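Worth saying up front: this structure is predicted, and the values here are computed from it rather than measured.
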Amino acid sequence: AGAAERGEEPREEGDAAARRTPQQRALLTALALLPPLGFALSDPSIFFSALDNAGTYGILTLFGIIPAAMAWAQRYGDGDAEPGDAVA
């Protein structure tokens, strides 16, 4: 039985985040920020090395893979799009 059949409003994906208490939010923030902060404070070279590696893969994707995929889609796409059409 779905939410509509039970007379309930359908839930949105953001509902769980809206129901978090301030203590839960603080805990999640600490869990996200404290481990990298600990690495950065204990040995900055490890942290900078991790940032360098993460940046390498991000730049590779942004400037290497995405333009090639766009060119491929434009060249071998289904041909429905006209020049100047908005991208949805």
Problem set entry | Stepwise side chain to side chain contact (heavy atoms under 4.5 Å, CB included) test for Leu27 and Gln23 | CA-CA 6 Å; Leu27 176 64; Gln23 292 83 12; over 6 Å; no
Problem set entry | Atom pair CG/CD1 of Leu51 and Ile46 - distance to nearest 0.5 Å | 12.5 Å
For this session: Please round to the nearest 0.5 Å and tell me the distance separating atom CD1 of Ile65 and atom CG of Leu60.
Result: 4.5 Å
Exercise. Do Leu34 and Leu41 share a hydrophobic cluster, counting only Ile, Leu, Val, Met, Phe, Trp and Tyr and linking them when any side-chain heavy atoms are less than 4.5 Å apart?
Worked result: yes
Exercise. Which pair of heavy atoms, one from Pro35 and one from Ala30, lies closest together, and at what distance?
Worked result: CD-O, 3.8 Å
Problem set entry | Which atom of Gln24 lies closest to which atom of Arg19, heavy atoms considered | OE1-O, 4.3 Å
Exercise. Any idea which heavy atoms bring Ser45 and Asp43 closest together, and the distance?
Worked result: OG-OD1, 2.9 Å
